Amino acid sequence: MNKPAKTAITPTRQQDYPEWYQQVIKGADLAENSPVRGCMVIKPWGYALWENMQRVLDKMFKDTGHQNAYFPLFIPMSFLEKEAQHVEGFAKECAVVTHHRLEPDGKGGLRPAGPLEEPLIVRPTSETIIGACYAKWIQSYRDLPILINQWANVVRWEMRTRLFLRTAEFLWQEGHTAHATAEEAMEETRKMLEVYADFSERFMAVPVIKGEKTAGERFPGAVITYCIEAMMQDRKALQAGTSHFLGQNFSKAQEIKFQSQSGETEFAWTTSWGVSTRLIGALIMTHADDDGLVLPPRLAPSHVVIMPIYRDDTQRAEVLAYCQKLRRELMLQRLDDQTIRVDIDDRDLRGGEKKWYHVKRGVPIRVEVGPKDIANQAVFMARRDTGESKSVPQVELIATIGAILDDIQNNLLKRATAMRDENTVTITNEQDFRSFFKSESEENSPIHGGFAKCHFASEDAVKPLLDELKVTIRCIPLDGGNTPGKCFLTGQDAAQMAYFAKAY
RNA sequence: CGGAGUGUAGCGCAGUCUGGCUAGCGCACCUGGUUUGGGACCAGGGGGUCGUAGGUUCGAAUCCUAUCACUCCGACCA
């Protein structure tokens, strides 16, 4: 009875972008809302994607000299109080544990009992608890640097949440390092920013702008916050990763001291850096289309799905055998250093239903094999990124599978980069700035704006306008951010240029 | 915390204004059959006590009171 929709996902991006985003997640079965307010359940397909991200990042961290460790979920409240800006930044969004057991309330329910002497907070980030450990571990310059990463969950009691983009609990990694000199800590901060940018472009196929946050957007307690910023298909910016140079702020607050080679007592220089499950949101909003998710092959849980097509049991046996052989041969091929991941979907479902199932989940390549294909020693192959489909000789598919996946990966990056560049403009006056961020015809074009590269005199000077238009300064790009020019708003001389955009 | 809204089957909803047979519909699910290079069709079937508590009434999903939860819009944000 259901007429085949023109698109697998309704509404389309153009019709209602936020709703489209939710529907893509639902269609791909990545995650869902949980009974717990603001917290999501990450389903197997979404978690497999996260595991692939973890695997790649973890190797990159280890290749740059880091080790993994694990620190407690709970942080004594007094720890958080030590760094003034840090307190201010996080106090409002912390979950607090005040009791350590439950007792019957006499009405068939339970009530908290056993109040804690000092409340514990559920970590919103671990600078303070890890810093406390570092203070104990570090005595001498010989103990430095300490280069540790932790894979963990954190909790930030956000007012409004959206799957993957902002949830009360989220998964992430947080690197925390301590160094003997400012130079070394700076180098570390920049190195990890590069790692994130590299990961984003090479694996996620998401092009990013590397830059520095302005004072107003800085991490609470940091001296410098670097970030990578990506443009989503609705032309809003999404911060995809951050790397902070914390100077001696935390080491002074937490007494992370060491004796230098010359015998003097000095405070260590620390850094922290992190990316989260938000990256999955970035992936969706960069590549997915009106038929659902589109996965970059380097992170896809499954590269190829083979759909056997048959009419009866005799055919079934023949086709399945052929598919299994094809699968084995494909799995001998490689994409970079990875084995090709191939699944056979022989569930008892109708062909159309099965096809759309995999389209919505974003599997890069779909292969269909029926009796006719076997007779021709061919397979029918469809690419998720372009929608292109054709019959190819089986031997050709096996020989070129790695190259095809590589081509899909490159195509996604190329497409996303073109989209971003088309919507990035240099703006030199208020009039143009306003019209860029205000939809020309609001009813017809929910998607508008983009990245505006503008010189600006100071953060304070532009703030009222930004608030009015709901635009934020994303970053001062490392590439070209310090060239002098005229402030787009005041006309004054300006030493810096920044990317401005609406943001998530 | 301020404003608005919603809680009825796994999901999406109708019924509530104007109280009245056994609480309906679509999708999904199960069974049988016909189909099968594309999100099928026919027939049959299972599943809810209407967010929770109290009240009014011969009678409450429907009226009243309280309460809880969630969603959206703001302030806050990886």
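Below, chain A is the first sequence line, B the second, and so on; all start at residue 1. Since this is a predicted model, take the numbers as computed values, not measurements. What's counted below: heavy atoms across the whole structure, side chains too, no hydrogens, waters or symmetry copies.
Across all strands shown, B:U56 forms no Watson-Crick or G-U wobble pair with both distances under 3.5 Å. If you check B:G48 for Watson-Crick or wobble pairing at under 3.5 angstrom, you find it has no partner at all. With a 3.5 Å ceiling on both atom-pair distances, B:G37 lacks any Watson-Crick or G-U wobble partner. With a cut-off of 3.5 Å on both pairing distances, the Watson-Crick or G-U wobble partner of B:G10 is B:C27. Of the nucleotides present, none pairs with B:U18 by Watson-Crick or G-U wobble criteria with both distances under 3.5 Å. The partner of B:A75, taking Watson-Crick or G-U wobble pairs whose two distances both stay under 3.5 Å, does not exist in any strand shown. Base pairing of B:C70 is made with B:G5, judged by Watson-Crick or G-U wobble geometry with both donor-acceptor distances under 3.5 Å.
In this structure, the OH atom of A:Tyr357 is 17 Å from the C1' atom of B:G38, given to the nearest Å. Between the CG atom of A:Asp348 and the P atom of B:C29 there is a distance of 12 Å, rounded to whole Å. Distance A:Gln23 CD to B:C11 P: 15 Å, rounded to the nearest Å. What separates CG of A:Asp312 from C1' of B:U36 is a distance of 12 Å, to the nearest Å. The nearest whole Å value for the distance from the CG atom in A:Asp29 to the C1' atom in B:C11 is 14 Å. Rounded to whole Å, the distance from CD on A:Glu32 to C1' on B:G10 is 11 Å. The distance from atom CH2 of A:Trp157 to atom P of B:A78 is 18 Å, rounded to the nearest whole Å. Rounded to whole angstrom, the span from the CG atom of A:Asp373 across to the C1' atom of B:G38 amounts to 14 Å.
For the C1' atoms, the distance from B:G32 to B:U16 is 40 Å, rounded to whole Å. Only the C1' atoms considered, B:G46 is 16 Å distant from B:C27, to the nearest whole Å. B:A9 and B:C29 have their C1' atoms separated by 11 Å, with the value rounded to a whole Å. For the C1' atom pair drawn from B:U35 and B:C25, the interatomic distance equals 27 Å after rounding to whole Å. Rounded to whole Å, the separation between the P atoms of B:C64 and B:G19 comes to 11 Å. Only the C1' atoms considered, B:C72 is 25 Å distant from B:A66, to the nearest whole Å. Taking the C1' atoms as reference points, B:U18 lies 14 Å from B:A60, given to the whole Å. Rounded to the nearest Å, the gap between the C1' atom of B:U31 and that of B:U52 is 38 Å.
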- Given the rule in the ring pair (Phe, Tyr, Trp, His ring centres under 6.0 Å) test, do A:Phe437 and A:Phe500 qualify, once you have shown the distances and angles that lead to the verdict? CA-CA 10 Å; A:Phe437 286 112; A:Phe500 291 75; 7.9 Å; no
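Residue contacts shown for A:Glu158 include a base, since a base heavy atom lies under 4.0 Å away. The residue A:Pro18 sits apart from the nucleic acid: no heavy atom pair falls under 4.0 Å. Among the protein residues, A:Thr242 comes within range of no part of the nucleic acid, since none of its heavy atoms lies under 4.0 Å from any strand. Heavy atoms of A:Ser389 sit nowhere under 4.0 angstrom from any nucleic acid atom. Among the atoms of the strands shown, only primed sugar atoms or phosphate atoms (P, OP1, OP2) are found under 4.0 Å from some heavy atom of A:Lys470. Among the protein residues, A:Lys354 comes within range of no part of the nucleic acid, since none of its heavy atoms lies under 4.0 Å from any strand. Among the atoms of the strands shown, none is found under 4.0 Å from any heavy atom of A:Tyr310.
Each of A:Arg474, A:Arg420, A:Lys210 was compared with A:Glu229 under the side-chain hydrogen bond (donor to acceptor under 3.5 Å, both in side chains) criterion, and only A:Arg474 meets it.
Relative orientation of the A:Trp273 and A:Tyr196 rings is perpendicular, given thresholds of 30° and 60° on the angle between their planes. Using the six-membered ring where Trp is involved, A:Phe170 and A:Trp172 have ring planes that are perpendicular, over 60° apart on the 30 and 60° scheme.
Remark on RNA chain B: of its neighbouring residues A:Ile309 and A:Asn33, the 5'-side contact belongs to A:Ile309, judged by nearest-heavy-atom nucleotide. In this structure, A:Lys355 and A:Gly89 both approach RNA chain B, and ranking their closest nucleotides by distance from the 5' end singles out A:Lys355.
The heavy-atom pair separating A:Phe79 from A:Ala132 by the smallest distance is CE2-CB, 3.4 Å. For the pair A:Val275 and A:Ala240, the tightest heavy-atom approach, listed with the atom from each and the gap, is CG1-O, 3.6 Å.
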Please output the side-chain donor-acceptor pairs of residues 49-56 of chain A that fall under 3.5 Å, not counting sequence neighbours, one pair per line with the distance.
from    : atom 1 : to       : atom 2 : distance (Å)
A:Asn52 : OD1    : A:Arg55  : NH1    : 2.9
A:Asn52 : ND2    : A:Leu299 : O      : 2.8

Got a list of protein N/O to nucleotides 32-35 of chain B N/O distances below 3.5 Å?
from  : atom 1 : to       : atom 2 : distance (Å)
B:U35 : O2     : A:Arg350 : NH1    : 3.2

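Among residues at least two apart or in separate chains, there is no side chain to side chain donor-acceptor pair (under 3.5 Å) pair with a member in residues 79-92 of chain A.
Salt-bridge check for A:Lys43 with A:Glu32: passed, with a basic side-chain N closer than 4.0 Å to an acidic carboxylate O.
Stacking of the aromatic ring of A:Phe380 onto the base of B:G37 is not found under the criterion of centres within 5.5 Å and planes under 30°.
Ring to ring, A:Tyr504 and A:Phe164 are not that close: their centroids are 6.0 angstrom or more apart.
For B:G38, its base sits under 3.5 Å from the side chain of A:Glu368 at one donor and acceptor pair at least.
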